[in-house]
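The structure appears below as structure tokens.
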Protein chains: 2
Amino acid sequence: MSQQPRAEETRSRILTAAQESFARYGYDATGVAEICRLANVSKGAFYHHFPSKQAVFLELLNRWLAELDTQLETVRASAETVPEGLVRMAGMARLVFQAADGQLPIFLEFWTKAAHDPAVWQAMIAHYRRYQAFFADMIKAGIAEGTILPIEPETTAQVIVSLAVGLVLQGLLDPHGADWGQVAQEGIRMILDSIGSNDQ
Amino acid sequence: MSQQPRAEETRSRILTAAQESFARYGYDATGVAEICRLANVSKGAFYHHFPSKQAVFLELLNRWLAELDTQLETVRASAETVPEGLVRMAGMARLVFQAADGQLPIFLEFWTKAAHDPAVWQAMIAHYRRYQAFFADMIKAGIAEGTILPIEPETTAQVIVSLAVGLVLQGLLDPHGADWGQVAQEGIRMILDSIGSNDQ
DNA sequence: AGAAACAGACCGACCGGTCGGAATGATAAT
DNA sequence: ATTATCATTCCGACCGGTCGGTCTGTTTCT
């Protein structure tokens, strides 16, 4: 696709600029011209690398989801027991809220677009269902290892994902309204309190 | 404001049309002309009743939040104990998900706009903080009546609101992916399982 | 040379909002 | 009862500006 080395760098600058602008102003409020200005790139270069503004958006979405994938998988692999893994993921939330300072709003853009745009929806739903399955698998593993009571894994997974999604949305709207990292910890603690077995 | 009876009806038709179109296509993708077409109203009439497209949006937001207010208050008043009230609210979710079929997407529009538009943000945050306080008060009442353990009411309230927000967002993205009403029930059940006292 | 990468003027569509005036209907003077 | 008056309500052509995307080159590398 890119045969000259500097092409890849241009491509990357476009993606970075788009991500920042989408996060700050929203997808619709961000013009292609504005992305080009931030990236120090001409419109010709933009449309040389991407067929449309939406294509940039979709690539950002896929990168975002892919990274979330690997992060979750890494934590799961590094935890001894399932409850410990869940608690550690909640702890990860703290990092997400501070590190991804200006990055979080784009999550909202993804979700909004998914609600109206079939192409975005398909990209989103595919990953999303995997998250449900990911947590359901964790619960099952917890039941198998005896650290979690034999409840319905799917429903519990949906509760956990709901909690996570809601936390992100609230952290977005009211970043300083609470210590969202701590709320995440507490939420997971409550859930584990309810579904965890005593003999661990 | 409206001195002739038919004016009020026109105003109402505009609001209804805008709500449907915002929900279906999103705020930005909805043109004023489209709203007028749906409402069988001219552009002149539109701008006679509203100063801008955003004003319509804000009025819809305030109506939406006000109704949520009264609904929550009604349930709280009708419940004997705090845990019972919370469970009943979770049960309400079922109605929300089916009745507000096409209405839910507008919730996402509200949130997205709040993230970028100061005017929308202020309207949103005011109500939103009241919800946090509302649930925190419920928890406090529960502690006072002895049905809930003496934990931090604010954090618990934030967990509950997170769960609620996350449920709505997931119901939006994947309406048939789960029985979201039941997930709501189960989520609340877990939380109560963790924070409820045994002597009730 | 020749393909890939880039530049930026340009285009047509669209959109929020304006404006001058036409219908409507209540009120009051005749 | 009829007409004159007048604010309210509504109409829709129109405007200024923006935006995504195209196109015709020019530059940069192999």
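Note that the structure is predicted; figures quoted are calculated from it, not measured. Here is the naming used below: chain letters follow the sequence lines, and residue numbers restart at 1 for every chain.
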Would you give me the side-chain donor-acceptor pairs under 3.5 Å for residues 53-63 of chain B, sequence neighbours excluded?
residue : atom : partner : partner atom : Å
B/Lys53 : NZ   : B/Tyr27 : O            : 3.0
B/Lys53 : NZ   : B/Thr30 : O            : 2.8
B/Glu59 : OE1  : B/Arg11 : NH2          : 2.7
B/Glu59 : OE2  : B/Arg11 : NH2          : 2.9
B/Glu59 : OE2  : B/Arg63 : NH2          : 3.4
B/Asn62 : ND2  : B/Leu58 : O            : 3.3

Does [X] put a side-chain nitrogen or oxygen below 4.0 Å from OP1 or OP2 of [N]?
X	N	value
A/Arg11	C/dA5	no
B/His49	D/dT8	no
A/His48	C/dA5	yes
A/Thr10	C/dA5	no

Rounded to 10°, tell me the angle between the two end axes of the helix from C/dA1-D/dT30 to C/dT30-D/dA1, each built from five pairs.
0°

Hey, can you pull the donor-acceptor pairs under 3.5 Å for the side chains in residues 156-168 of chain A, sequence neighbours left out?
residue  : atom : partner  : partner atom : Å
A/Thr156 : OG1  : A/Glu152 : O            : 2.8
A/Ser162 : OG   : A/Gln158 : O            : 3.0
A/Ser162 : OG   : B/Gln170 : NE2          : 2.5

Is it the case that A/Thr112 and B/Thr112 place a side-chain donor and acceptor less than 3.5 Å from each other?
yes

Residues at least two apart in sequence or cross-chain that pass side chain to side chain donor-acceptor pair (under 3.5 Å) with A/Gln182, listed by chain then number, are none

For B/Arg37, give me all partners under side chain to side chain donor-acceptor pair (under 3.5 Å), at least two apart in sequence or on another chain.
B/Glu34

Return the value, rounded to whole Å, for the distance between atom [atom1] of [X] and atom [atom2] of [N].
X	N	atom1	atom2	value
B/Glu8	C/dT24	CD	P	20 Å
B/Tyr25	C/dC14	OH	P	15 Å
B/Arg6	C/dA26	CZ	C1'	13 Å
A/Arg37	C/dG8	CZ	C1'	16 Å

Anything under 3.5 Å between a donor and an acceptor, one on a side chain of residues 188-196 of chain B, the other on a protein residue two or more places apart or in another chain? List them.
residue  : atom : partner  : partner atom : Å
B/Arg189 : NH1  : B/Glu186 : OE2          : 2.3
B/Arg189 : NH2  : A/Ser194 : OG           : 3.4
B/Asp193 : OD2  : A/Ser194 : OG           : 2.9
B/Ser194 : OG   : A/Arg189 : NH2          : 3.4
B/Ser194 : OG   : A/Asp193 : OD2          : 3.0

Any N/O pairs under 3.5 Å between the protein and nucleotides 15-21 of chain D? List them or say none.
residue : atom : partner : partner atom : Å
D/dG20  : OP1  : A/Thr30 : O            : 3.2
D/dG20  : OP1  : A/Lys53 : NZ           : 2.5
D/dG20  : OP2  : A/Val32 : N            : 2.7
D/dG20  : N7   : A/Lys43 : NZ           : 3.3
D/dG21  : OP2  : A/Tyr47 : OH           : 3.0
D/dG21  : OP2  : A/Lys53 : N            : 3.0
D/dG21  : N7   : A/Lys43 : NZ           : 3.1
D/dG21  : O6   : A/Lys43 : NZ           : 2.3

May I ask you to decide whether A/Arg130 forms a salt bridge with A/Asp137, counting only side-chain N to carboxylate O separations under 4.0 Å?
no

Partners passing ring pair (Phe, Tyr, Trp, His ring centres under 6.0 Å) against B/Trp111 (at least two apart in sequence or in another chain):
B/Phe107

Who are the salt bridge (charged side-chain N to carboxylate O under 4.0 Å, His left out) partners of B/Glu73, not counting sequence neighbours?
B/Arg76

